[in-house]
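Heads up, the thing below is written out as structure tokens.
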Amino acid sequence: MPVDVPDLDAELESLLQQIPEGQVATYGDLAYALGSRSAARWVGERLLDHPHATDCPCHRVVRSTGDPGLFIAAPADKIGRLKREAVPFRDGRVDLQRCRFDRFESSSPLAALLEFQESLPERTVLRPFPRTPELIAGVDVSYAEPGEAVAAYALVDSASGELVWSTTVRTPVCFPYIPGFLAFREIPALLGLFEQVVAESRVADVVFVDGNGILHNRFAGIATHFGVICNTRSIGVGKKLLCGSVDLDDMQAGEQRPVTYRDRVVGMAVKTKDSSRPIYISPGHKIDVADSVRLAQLLMTNHRLPEPLYWADALSRKTARE
């Protein structure tokens, strides 16, 4: 990665140690100190599952309402610890006006990742690609266990949709799932995968990526990350609408409708089957919306996803189970 992926566990532990006895912080305060309030849910989940010693200060983190919230031990134990430290309560809730601490010293690691992400649109190339390559690839990531990712590359014949060649790699997962930061969780695995593909001389002219391209609140989804970093043509395929607006009323199989965000068309909603929800196609890098959709529809047969992603998804899941 051109940007270092931080050790958020270590960063969070550093912040916890700064909360003085007799004071509390909220999950949102810690997320803000990390650089993004979208990390608040992860903070809460991590504090329920982290290396916990008897002197751990994690009981000093509460909800924004003053509700003590959950605890890695019994909730009553959390309340007892706070009261023994003279944390003031009012009507069963912590009185945040009297004891809230939010003056953290932090490197704001997530803010650095956001800055990198915001630099990607100016490096992204959107241009027509009228050709139809003989071979087109798909990449996807599955998880064998919480700490291990399996990335799969599936090379497909564009005329028949048949799988021609594939490979997988297993890598440690070093970054948690935080909304808006998926790329920093999965790109390390995809980069390791792509290195193997390059070594085998199996790089396709077009790579479908499970995730969004410019259909992203910063115009920099995982397909854009992948395309720019690997300097390869990429197309994003999202299963849910991440941002923007689109009219899905009475949408029929085979129909496509534009997704607009900030007054520009950033992708297309495509309904592949009457029985399935639409998918969202957007360019990642070195291709435009129209040709991204054209190639995606060319490679849709009996599945909801284009064949390269169908095969990559199936392969990553199968390998993760083994």
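What's counted below: heavy atoms across the whole structure, side chains too, no hydrogens, waters or symmetry copies.
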Which atoms form the tightest heavy-atom contact between Lys286 and Phe129, and what is the distance?
O-CB, 4.4 Å

With a 3.5 Å distance limit and no angle check, can you tell me whether Ser158 reaches the backbone of Ile136 through a side-chain donor-acceptor pair?
no

Could you tell me which non-hydrogen atom of Ser36 sits nearest to which non-hydrogen atom of Leu114, and how far apart they are?
CB-CD1, 4.4 Å

Distance-only, no hydrogens or angles: does the Arg37 side chain make a donor-acceptor pair with backbone N or O of Tyr32 under 3.5 Å?
no

Whether Asp205 and Arg131 form a salt bridge (side-chain N of Lys/Arg under 4.0 Å from carboxylate O of Asp/Glu) is what I want to check.
yes

Roughly how far apart are Ser106 OG and Gln18 CD, rounded to 0.5 Å?
7.5 Å

Row check, Tyr27 ring normal vs Arg63 NZ/CZ: under 6.0 Å, within 45°:
no

Establish, for the pair Lys83 and Phe89, whether the NZ or CZ atom is under 6.0 angstrom from the six-membered ring centre and no further than 45 degrees off its axis.
yes

Indicate yes or no: at least one non-hydrogen side-chain atom of Leu295 is less than 4.5 angstrom from one of Ile281.
no

Passes side-chain contact (heavy atoms from CB on, under 4.5 Å), Val266 versus Arg264? Steps please.
CA-CA 6 Å; Val266 292; Arg264 61 183 283 197; 3.7 Å; yes

Charged N to carboxylate O under 4.0 angstrom, Asp288 versus Arg127?
no

Within the side chain of Asp274, is there an N or O that forms a donor-acceptor pair under 3.5 Å with the backbone of Ala253?
yes

Audit row: Leu110, Ile178, side-chain contact (heavy atoms from CB on, under 4.5 Å) steps and yes/no
CA-CA 10 Å; Leu110 294 180; Ile178 297 174; 4.2 Å; yes

If you count heavy atoms of other groups shown closer than 6.0 angstrom to CD of Glu105, is the number above 12?
no

Does the Arg321 side chain pair with the main chain of Ser316, one donor and one acceptor, at a distance under 3.5 Å?
no

Under a single-linkage definition using a 4.5 Å side-chain heavy-atom cutoff for Ile, Leu, Val, Met, Phe, Trp and Tyr, are Leu30 and Phe71 assigned to the same hydrophobic cluster?
no

Would you say the side chain of His50 lies within less than 4.5 Å of the side chain of Ile72, judging by non-hydrogen atoms?
yes

Mind checking whether Val206 and Leu126 sit in one hydrophobic cluster, side chains of I, L, V, M, F, W, Y counted as touching below 4.5 Å?
no

Would a line drawn from the ring center of His285 to the ring center of Phe226 be shorter than 6.0 Å?
no

Considering only NZ, NE, NH1 and NH2 on the basic side and carboxylate oxygens on the acidic side, decide whether Arg81 and Glu85 come within less than 4.0 Å.
no

Is there a chain of hydrophobic side chains (I, L, V, M, F, W, Y, each step under 4.5 Å between heavy atoms) that links Leu315 to Val156?
no

Hey, does the side chain of Arg90 reach the backbone of Asp95 with a donor-acceptor pair shorter than 3.5 angstrom?
no

Rounded to the nearest 0.5 Å, how far apart are CD of Glu21 and CZ of Phe101?
14.0 Å

Do other residues, nucleotides or ligands put more than 12 heavy atoms under 6.0 Å from Arg294 CZ?
yes

Spell out, as yes or no, whether a donor-acceptor pair under 3.5 Å connects the side chain of Ser108 to the backbone of Gly35.
no

When rounded to the nearest 0.5 Å, the distance separating CG of Leu215 from OG1 of Thr260 is 9.5 Å

Is the shortest side-chain N to carboxylate O distance from Lys271 to Glu255 below 4.0 Å?
no

Given 3.5 Å as the limit, does a donor-acceptor pair link the side chain of Arg304 with the main chain of Arg277, or not?
yes

Stepwise side-chain contact (heavy atoms from CB on, under 4.5 Å) test for Asp210 and Lys239
CA-CA 8 Å; Asp210 180 38; Lys239 301 182 186 74; 2.6 Å; yes

Side chain to side chain donor-acceptor pair (under 3.5 Å) for Thr167 and Glu200? Distances and angles first, verdict last.
CA-CA 10 Å; Thr167 189; Glu200 296 282 348; over 6 Å; no

CG/Leu47 to CG/Leu70 distance, rounded to the nearest 0.5 angstrom?
10.5 Å

Taking the side chain as every heavy atom from C-beta outward, state whether Leu190 and Val141 have any atom pair closer than 4.5 Å.
yes

Is it possible for you to say whether Val139 and Trp311 belong to one hydrophobic cluster, with membership spreading through side-chain heavy-atom contacts below 4.5 Å?
no

Ignoring hydrogens, what is the shortest heavy-atom contact between Glu11 and Leu34? Give both atom names and the distance.
CB-CD2, 3.8 Å

Side-chain touch Cys99/Val94, heavy atoms, less than 4.5 angstrom
yes

Could you tell me whether Arg317 sits above the aromatic face of Tyr143, with NZ or CZ closer than 6.0 angstrom to the six-membered ring centre and within 45 degrees of the axis?
no

With a 4.5 Å cut-off on side-chain heavy-atom distances among I, L, V, M, F, W and Y, is there a chain of contacts connecting Phe194 to Trp165?
yes

Can you tell me if CD on Glu118 sees more than 12 non-hydrogen neighbours from other groups inside 6.0 Å?
yes

Looking only at atom types and distance, does a side-chain atom of Thr224 sit under 3.5 Å from a main-chain N or O of Gly284, one as donor and one as acceptor?
yes

Taking every non-hydrogen atom, the tightest pair across Pro68 and Ile79
CG-CG1, 3.9 Å

How long is the span from the OG1 atom in Thr168 to the OH atom in Tyr153, to the nearest 0.5 Å?
14.0 Å

Are more than 12 heavy atoms from other residues, nucleotides or ligands located less than 6.0 Å from atom CD of Glu162?
no

Between the side chain of His216 and the main-chain N/O of Arg218, is any donor-acceptor distance below 3.5 Å?
yes

Heavy-atom count check: over 12 atoms from other residues, nucleotides or ligands less than 6.0 Å from Asp249 CG?
yes

One pair to check against side-chain contact (heavy atoms from CB on, under 4.5 Å): Thr171 and Glu148. What are the steps and the verdict?
CA-CA 6 Å; Thr171 60; Glu148 185 181 51; over 6 Å; no

State whether the side chain of Arg170 and the backbone N or O of Thr319 hold a donor-acceptor pair below 3.5 Å, judged by distance alone.
yes

Less than 4.5 Å apart, side chain to side chain, heavy atoms only: is that true for Leu113 and Pro6?
yes

Between Phe181 and Phe175, how do the two ring planes meet: parallel, tilted or perpendicular, split at 30° and 60°?
tilted

Evaluate the side-chain proximity of Val293 to Gln297: yes if any heavy-atom separation is below 4.5 Å, no if none is.
yes

Measure across Ser142 and Asp313 and return the closest heavy-atom pair with its distance rounded to 0.1 Å.
OG-O, 4.5 Å

Would you say the side chain of Val289 lies within less than 4.5 Å of the side chain of Ser282, judging by non-hydrogen atoms?
no

Is a donor from one side chain sitting under 3.5 angstrom from an acceptor on the other, for Glu13 and Gln17?
yes

Below 4.5 Å, heavy atoms only, C-beta onward: do Met251 and Pro278 meet side chain to side chain?
yes

Closest approach of Val259 and Val246, non-hydrogen atoms and distance?
CG2-CB, 3.9 Å

Separation between NE2 of His225 and OG1 of Thr124, rounded to the nearest 0.5 Å
9.0 Å

